[in-house]
Each structure stands twice: as structure tokens, then as C-alpha cells.
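Single-structure report; data block below.
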Amino acid sequence: MAATAEREAPATRPGPPRWSPVELLPPAVLALLCAVLLAPGHGLWFDEAFTSEVARRPLAEILRAVATGEGVTSYLADVPPSYNAPYYLVVHAWMALPGVGGDTSLRVLSVLATAGGLALVTRAVTRLAGRAAGVLAGVVPATAPLLLEQAVEARSYGLVVLATGAALLGLVRWLQDGRGLLLFGLAGAGTGLAHWYAVTVLAAFVVAALLLRGRGAVRVAVVGGLAALPAAGLVGVNLLNGTGARNAEHLRDTGGTLADLAVEAWAGGRTPLLYLTVGLAVVGAVRGAGARVVGACWVLVPLLLLLAAELVRPVYHPRYLLAGLVGLGVLAAVGVTALPRGARSATAAALVGLSLVASAPLAVREPRERSDDVVALLLREQRPGEPVVAADQRSAMGLDHFVRTLGPRLRADVVLPPDDAPADADRVWLVRRLVDGEPVPTDDDAVLTEAGLSLTAEYAFPASKTDLVLQLWTR
């Protein structure tokens, strides 16, 4: 009778592993590495300064600029904050907090969002495949050069990682106990609002649910479809206000090699890391317990969707694919735990070690732009009453921002586009951008020359993204 009763008793499924403090290792690793990368204290570059200058505006002004497609400054009248508008609203709220609002705090927001996203990824994979797989699935992306580079910049990619991790956890909770659809829907909407391309990861999670649950995943598909609507609405706003094709010049046609270039970007161009990551991802997709389907969809669906989109127009930029490439790191981590037990520790150490080697150059990288150094020199050399002229948009952005934050005394003498250099001054400071070693042409040259001034001193500020030069013109 006892044996019969035992056979008839319903089997009990073990619940997911309880949360453990060891799951904080990935965000801790990320925070430590980001602290190292932020230690040099490089000033904000154009995109980051744009974030600061938009987010500090009144909310009504930001919303008006988004809706109309107009810029928030005279020199960026044709550069509206319509792209990544939700991110600017989040930063606006962040800057309203007491004690927050400086340049470093903008980057800290990105670090915190990325760390939170990796904590959620760690928890989700732990529930699917066990704690060892979960922790490694967080540590591998935390050491990846592409993610680290974006995690320390005042842009929206930290929010992308946060929303992606939350959507994954919502999906996993639904797969395991039928709950989590609300989290999946809200976070899924957040992925597309943080960056349009991240909607492809939302689609990947829906495909995974359908493969795992078939008709039972119809609700997930419906919620995923609804979650994509805010991003579609944002795209519609940009089409209506005439900014839908902005930044297209940054995208490239890969000729069908998008997947290759994406993986290379994730590995920081390091061939050993590339081969190891892809090999382990294949192992994870074939043999990874618990997370095999979710991980494979996370990697393949975004790449296939973007390859299809490339048939219509160029779509590739490495950082735009970040949300999908995090899945590559996760799948590689799952692949490690699918190896024979004796090979796991050494392989995990090799994967993380090679990632750290690939990321090491970031610690000694040059500043992307040195507008802060330009303003520091002006504070030493410029005499009150001498005009300080920005010759182009990039120069104007940096000058405007750092005069506000570092040198308010210069404000009365600053001349920003579309205004030209004044012709009646005896000494004029001209800030301009260099392209291929030559100053970008500007009307200011002719104005100053016709007024009888000539170039008498020049100070170069080379950087990895934007080269600037400060010129002194005297009569």
C-alpha cells in the first residue's frame, strides 16, 4: 500500500534556487571595472554633453522639442532630442534629485542601470539553469569591452541593459510559475523606449516562449506585441516631425556580414575571445540545460531581424546591437556549464580572462573630446571682453556646456552659432573642429580676415573622437 501511495502521489517540482548574495558578484565586478574606467575623469563629449544640456531644460520645453522636431539651442536648431527622448526624460528626473546633476552623476546613472540589468540577468539565468550558470552569465557581459564602454557614458545603453534584464526575468517567472507577465510587458516596453533596436530582443523572448509553450504562450505574444507599441509610437513621432532619417550616416551596410561584425565588436576585435565565445555559445545552444532555447533565441532572432532590415537600408552600428549581444555572452556562459565538470572552471577563467584582456585598453583610453581643456585654457589666457567664438556645432556644444559648468565668467564673451565672430574686436578666440587635420571651413575666417585680424596662436586638443583647436586672432 505504501508503494502504491508513493506512485500515486503527484511529483513535486523543485522551485528555483533562493536568492543568494553571490548573485551580486556580476554587478560588483561591473561597478569596480567602471570605477577604473571613470577614474581619469575625462570630460563629457558631444553626445554626453547633449544629454546634459537637454535634460536640464524644463520638462515642457523637452516635450515641445520632441513633438516639433526642433532643437533646444540656437546652434543645434536642426538637432532635436527626438531620438532617445525617453532617456532624456529619465535623466531629467535623475537630475532633479537632491545632490545630483553634475557630469559624473550622469555617467553614474548609466553604471547603476547597467549593474541593475546584469543583476536581473543573473537572477533570471539562475532560475533557469542554476546559480553557477547565472553568476557566470552576469560576469561575462560585465567584463565585455562593448558593454563596459557604453556603461560609463551618459547615454541610453545602461537603460537598455536594465530593461532587457527585467524583461528576461519577467519571461522566466512566467515560464516557471505563470507569473511575471506584467513585468515582462512593462520592461519589454522599456527596451524599445530605451533604444529602438532593443525591440528585437523583445521579439526574441516572445519566440522563445512560443517554442517552449506553444499555444500556451499566446498571452506572452499578445503582451509582447502591446509592449512594442510605445517604441513604434516613438518612431512615428520622429517620422512625423521630420527627424526619422537623422543619424543614418553613422550606419553602414555590412553586405551580409552583420553577424560577423557584431560578434567581433562584442569581443573587442580579439580573435581568441571571439572564437571561444562563439564556440561556447554553440555548446550552450545545443546542450545548455534550462536556458538553451531562451539563449539561442536571444542571440539569433535580433541578428536575423537586422539582417532582413539590411535588405532595405543600412542598420549596423556596434552599440545599437548591444541588447542582443548581451545574449551572446549569456549563452556562452551557459555553454561553459554544459561542458564536462572537470573543464568548467578552466574554461570559465579563460572566457572571463580574455574578456578582461580585451577590455584593458579602455582603462588607458584617450578622452573622446577635450572641450573641458579648451575652457580651462581660456580661463587662464582670455582677457575679459575678448570674444570667444564657437565656429561649428560640436565646438559650440562643448564650449557652451563647460563654460556653464567650469567657467561662468566667460559667458558674457561667448559667441555661439549662427552668430559670426565680431569684426570690431582686437583679439578674438576661435574654437573649431578639425577634420583630417584641417579646420572645418567657417564664415568666421573671412569675417576676421576682412576686419584686419590674423591668426597669431594656435592650441591643439587632439582626442579619440573629436579633434579641437583653439585659435587666437589679433589685429
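These numbers come from the heavy atoms of this one structure, side chains and all, not from hydrogens, waters or symmetry mates.
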So, the side chain of [X] versus the backbone of [Y]: is there a donor-acceptor pair under 3.5 Å, distance only?
{"X": "Arg409", "Y": "Leu379", "answer": "yes"}
{"X": "Ser74", "Y": "Pro417", "answer": "yes"}
{"X": "Ser110", "Y": "Gly158", "answer": "no"}
{"X": "Thr456", "Y": "Leu472", "answer": "yes"}
{"X": "Thr51", "Y": "Asp47", "answer": "yes"}
{"X": "Thr73", "Y": "Leu76", "answer": "yes"}
{"X": "Asp436", "Y": "Glu438", "answer": "no"}
{"X": "His195", "Y": "Tyr157", "answer": "no"}
{"X": "Trp298", "Y": "Ala323", "answer": "yes"}
{"X": "Asp444", "Y": "Ala421", "answer": "yes"}

Is any side-chain heavy atom of [Y] closer than 4.5 Å to one of [X]?
{"X": "Leu351", "Y": "Leu273", "answer": "yes"}
{"X": "Pro439", "Y": "Gln471", "answer": "yes"}
{"X": "Leu168", "Y": "Val172", "answer": "yes"}
{"X": "Thr191", "Y": "Val201", "answer": "no"}
{"X": "Val388", "Y": "Val403", "answer": "no"}
{"X": "Leu37", "Y": "Arg365", "answer": "yes"}
{"X": "Ser371", "Y": "His401", "answer": "no"}
{"X": "Val414", "Y": "Asp400", "answer": "no"}

So how far is it from [X] [atom1] to [Y] [atom2], rounded to the nearest 0.5 Å?
{"X": "Thr466", "Y": "Arg433", "atom1": "OG1", "atom2": "CZ", "answer": "5.0 Å"}
{"X": "Cys297", "Y": "Leu211", "atom1": "SG", "atom2": "CG", "answer": "5.0 Å"}
{"X": "Leu300", "Y": "Leu304", "atom1": "CG", "atom2": "CG", "answer": "6.0 Å"}
{"X": "Leu430", "Y": "Thr442", "atom1": "CG", "atom2": "OG1", "answer": "6.5 Å"}
{"X": "Asp260", "Y": "Leu274", "atom1": "CG", "atom2": "CG", "answer": "8.5 Å"}
{"X": "Leu159", "Y": "Leu109", "atom1": "CG", "atom2": "CG", "answer": "6.0 Å"}

**OP:** From the options Arg107, Arg155, Lys465, select the one residue that forms a salt bridge (charged side-chain N to carboxylate O under 4.0 Å, His left out) with Glu48.
**Re:** Arg107
**OP:** Please confirm whether Phe50 and Tyr88 have ring centers closer than 6.0 angstrom.
**Re:**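 Centroid distance Phe50-Tyr88: below 6.0 Å, so yes.
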Subject >> Candidate pair Leu30 and Leu147, rule side chain to side chain contact (heavy atoms under 4.5 Å, CB included), full reasoning >> reply: CA-CA 10 Å; Leu30 178 89; Leu147 184 138; 3.6 Å; yes
**OP:** Among Val336, Thr337, Leu136, Val283, find the residue that satisfies the side-chain contact (heavy atoms from CB on, under 4.5 Å) test when tested with Thr347.
**Re:** Val336
Subject >> Chi angles and distances behind the side chain to side chain contact (heavy atoms under 4.5 Å, CB included) call for Val152, Leu148 >> reply: CA-CA 7 Å; Val152 294; Leu148 281 172; over 6 Å; no
**OP:** Take Asp467 and Arg432, measure what salt bridge (Lys or Arg N to Asp or Glu O under 4.0 Å) needs, and give me the verdict at the end.
**Re:** CA-CA 9 Å; Asp467 293 333; Arg432 60 201 309 177; over 6 Å; no
Original post:
Does the pair Glu149 and Arg368 meet the rule for a salt bridge (Lys or Arg N to Asp or Glu O under 4.0 Å), with working shown?
Top reply: CA-CA 12 Å; Glu149 183 180 15; Arg368 286 179 175 266; 2.8 Å; yes
For [X] and [Y], which heavy atoms make the closest approach, and how far apart are they?
{"X": "Ala65", "Y": "Val72", "value": "CB-CG1, 3.9 Å"}
{"X": "Leu307", "Y": "Gly256", "value": "CD2-O, 4.1 Å"}
{"X": "Ala151", "Y": "Cys34", "value": "CB-SG, 4.0 Å"}
{"X": "Pro314", "Y": "Leu251", "value": "O-CD1, 3.5 Å"}

Original post:
Relative to the ring of Phe205, is the ring of Phe184 parallel (under 30°), tilted (30 to 60°) or perpendicular (over 60°)?
Top reply: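 Tilted: the ring planes of Phe184 and Phe205 meet at 30° to 60°.
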Original post:
Using the ring of each side chain (for Trp, its six-membered ring), is Tyr83 parallel, tilted or perpendicular to Trp196, with breaks at 30° and 60°?
Top reply: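 Taking Trp196 first and then Tyr83, their aromatic rings lie parallel (interplane angle under 30°).
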**OP:** Decide yes or no on side chain to side chain contact (heavy atoms under 4.5 Å, CB included) for Leu89 and Leu59, but give the supporting numbers first.
**Re:** CA-CA 8 Å; Leu89 298 178; Leu59 180 60; 3.6 Å; yes
Subject >> Residues Val374, Phe402; criterion side chain to side chain contact (heavy atoms under 4.5 Å, CB included); working and verdict >> reply: CA-CA 9 Å; Val374 171; Phe402 286 107; over 6 Å; no
Original post:
Are side-chain N/O atoms of Glu310 and Thr254 paired as donor and acceptor at under 3.5 Å?
Top reply: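 Indeed, the side chains of Glu310 and Thr254 share at least one donor-acceptor pair under 3.5 Å.
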